[in-house]
Amino acid sequence: MKKIVLSLAGVMAAVAFAPEASAIPAFARQTGMACSACHAQHFPVLNGFGRAFKADGFTMMGAQEKIEGEHMSVPATLNAAVLLKVRYQQANGTDPVGTVAGTTKNDGQWQFPDEYSLFFGGRVADNGDVKVGMMMENNLTAAGAFAAGLRVPVVIDTDAAKFSVIPFTTDNLGPFYGYTESSNGVNRAIRWSEHRTEVYAYQYIGMGEGLDLGNTGLAFVAKNDMGYINFTRWAPSFAKAIQMSSTALSIAATPNIAGWDSVISVDILTGNSFLNDATFTEVQTKSTGINAQAQGELAGMETSLYASYASAAGSAATGPQNLYNVGTGSRSAMNAGADFTVIPHTLSLGANMLKTTGGIGDAVTFMAVYDLAQNVAVVANFTKFSKNQGVTKGDTLFTGMLEAAW
């Protein structure tokens with residue numbers, strides 16, 4: 001399901017076209033609302049109403065026809081959506097003699113499609129205080145179409161809070177795929193820039209993704225107006241039977257501070273798990289992070305501010321290796337960025353600084369998104385690294401992308 005994200009700044013302040021359940025056209029069809037109703041500034045960043053829709057398990061409906069009866073209420077239509085992403089990437093490395101043109105990004109590489117996905121989502125049941133929803137993503141890959149992500153939130157609504165149980169499985173969106181309200185890479189799919197490991201501390205460490213192993217888990221979420229707690233038991237495995245012996249914990253506050261709609265979270269991964277592979281290798285799943293974001297207005301422009309820190313302890317010389325850091329030394333990263341909508345619903349510009357220990361070194365990334373239509377956007381990202389990434393990568397990376405959803 002690689003890179004499923006309608007990332008970047010500005011890409012759709014009014015459509016709902018995205019990989020994360022927070023806003024895909026299937027939900028726009030169900031609610032009858034443009035994505036600006038649920039999103040602050042641009043997709044996929046949620047505003048308060050969007051967070052409430054997500055916390056309700058994607059069950060809210062608008063004018064769409066329903067089939068209703070005793071203890072039954074479902075949309076008359078199974079709501080679906082299609083996402084297409086076409087990318088061009090170029091790095092400034094130098095390939096060895098004899099390298100076939102186009103096989104590395106140094107030659108300018110077209111990725112068509114980078115992603116082609118079919119989504120289903122929306123209400124499964126609404127019985128007053130008990131609500132059930134779902135979001136499913138299917139992707140075209142070299143091996144064919146397959147379910148790349150599935151979650152089924154069951155929500156109990158009380159006067160004091162909403163309590164959810166969310167079974168989920170995903171190929172690479174991370175252990176917080178069950179529930180998060182952050183748009184700063186805590187979940188691989190929910191990020192405001194297309195460049196991933198070059199921008200986000202959580203993605204650089206790997207705690208916001210499945211590391212190509214996948215994630216299967218059961219999230220227990222309690223949410224009220226002040227914030228939420230997500231306690232998840234999970235395993236680094238995708239769509240397979242396995243013991244869920246690792247823990248993911250998020251404790252988040254969601255205040256409005258002087259007109260700035262904010263999400264501040266502490267996110268922790270702990271425990272040991274067995275990989276569901278031929279060897280059933282035991283691994284540690286140990287990483288921590290602190291994340292903050294705020295959406296508001298600055299100099300008359302819609303603005304988003306982001307910052308996070310993530311770290312992973314080194315692996316011991318003997319015993320299970322840390323899934324997020326196979327080296328012996330600790331590994332960490334921090335990022336800070338801002339995104340400005342300079343032309344409402346049309347053009348967004350952003351920038352981010354990533355500082356790291358080990359690996360890629362520091363990186364500065366600039367982003368731009370221009371909406372050709374509410375559901376079609378042209379995206380550009382450019383990253384400059386503080387050190388050379390090796391002969392086949394160089395020290396710059398450019399991505400140009402066309403993305404559309406319907």
Side-chain angles (χ1 to χ4, degrees), residues 1 4 18-22 24 26-27 30 51 53-60 71 73-75 78-80 117-127 129-139 146-158 161-182 186-190 207-211 213-223 228-252 267-271 273-276 285:
M1 146 174 262
I4 257 178
E20 221 294 291
S22 47
I24 58 175
F27 296 144
Q30 175 173 292
R51 294 200 299 267
F53 177 77
K54 185 173 187 177
D56 258 5
F58 322 121
T59 59
M60 191 195 79
H71 303 299
S73 179
V74 296
L78 178 61
N79 291 306
S117 301
L118 173 64
F119 295 89
F120 295 100
R123 179 186 292 189
V124 174
D126 188 339
N127 190 21
D129 292 338
V130 179
K131 305 175 183 182
V132 183
M134 64 85 66
M135 192 280 252
M136 180 181 186
E137 178 183 351
N138 305 271
N139 284 339
F146 68 104
L150 172 64
R151 57 185 148 184
V152 184
V154 179
V155 184
I156 300 173
D157 197 351
T158 71
K162 297 179 189 293
F163 299 93
S164 303
V165 179
I166 309 172
F168 67 88
T169 189
T170 177
D171 63 350
N172 61 16
L173 295 186
F176 296 105
Y177 177 72
Y179 194 88
T180 182
E181 295 182 13
S182 170
V186 177
N187 173 332
R188 176 173 174 160
I190 317 177
M207 65 182 294
E209 61 168 331
L211 296 173
L213 299 170
N215 303 97
T216 297
L218 192 62
F220 301 89
V221 180
K223 174 179 171 58
Y228 61 90
I229 297 174
N230 173 6
F231 176 84
T232 296
R233 293 290 284 178
W234 65 283
S237 177
F238 172 51
K240 293 181 179 180
I242 194 170
Q243 183 181 13
M244 294 184 292
S245 54
S246 290
T247 298
L249 175 66
S250 283
I251 302 174
D267 308 291
I268 302 169
L269 301 179
T270 62
S273 284
F274 291 91
L275 303 182
N276 196 345
T285 53

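No experiment lies behind these values; they were computed from the predicted model shown. Each residue takes its place number in the sequence, starting with 1.
- Y177 is not listed as a side-chain neighbour of N215, based on a closest heavy-atom distance of 4.5 Å or more.
- Looking only at side-chain heavy atoms (C-beta outward), K240 and T216 stay at 4.5 Å or farther from each other.
- Looking only at distances, a side-chain donor or acceptor of Q30 sits under 3.5 Å from a matching main-chain atom of F58.
- By the 6.0 Å contact criterion, CD1 on I156 is open, its count of non-hydrogen atoms from other residues, nucleotides or ligands being 12 or less.
- Taking both residues in full, the closest heavy atoms of T59 and A125 are given as CG2-O, 4.1 Å, listed atom of the first, atom of the second, then distance.
- Nearest approach of N230 to A219, heavy atoms of both residues: OD1-CB, 3.6 Å.
- Between L269 and A248, the shortest heavy-atom distance links the atoms CD2-CB, 3.5 Å.
- Note that CE of M244 is 8.5 Å distant from CZ of R233, once rounded to the nearest 0.5 Å.
- Taken to the nearest 0.5 Å, the OG atom of S250 stands 10.5 Å off from the CD atom of E181.
- Taking OG from S73 and NZ from K131, the interatomic distance works out to 10.5 Å, rounded to the nearest 0.5 Å.
- In this structure, the side chains of K162 and Y228 stay at 4.5 Å or more apart for every pair of heavy atoms.
- The side-chain heavy atoms of F120 and N138, taken from C-beta on, include a pair separated by under 4.5 Å.
- Y179 places none of its side-chain heavy atoms less than 4.5 Å from the side chain of T232.
- The two atoms that bring P175 and F168 nearest to each other are O-CZ, 3.6 Å, heavy atoms only.
- Closest of all the heavy-atom pairs between N139 and A148 is ND2-CB, 3.5 Å.
- Two residues are said to be in side-chain contact when any heavy atoms from C-beta on lie closer than 4.5 Å; P236 and L275 meet this criterion.
- Once rounded to the nearest 0.5 Å, the distance linking CE of M135 with OG1 of T170 reads 8.5 Å.
- Between R123 atom CZ and M60 atom CE the span is 9.5 Å, to the nearest 0.5 Å.
- Looking only at distances, no side-chain donor or acceptor of K223 sits under 3.5 Å from a matching main-chain atom of D56.
- Here D267 contributes atom CG and L249 contributes atom CG; the two are 8.0 Å apart, rounded to the nearest 0.5 Å.
- Of all heavy-atom pairs spanning A235 and I242, the tightest one is CB-CG2, 3.5 Å.
- F53 and F27 have perpendicular rings, their planes meeting at more than 60° on a 0 to 90° scale where under 30° would count as parallel.
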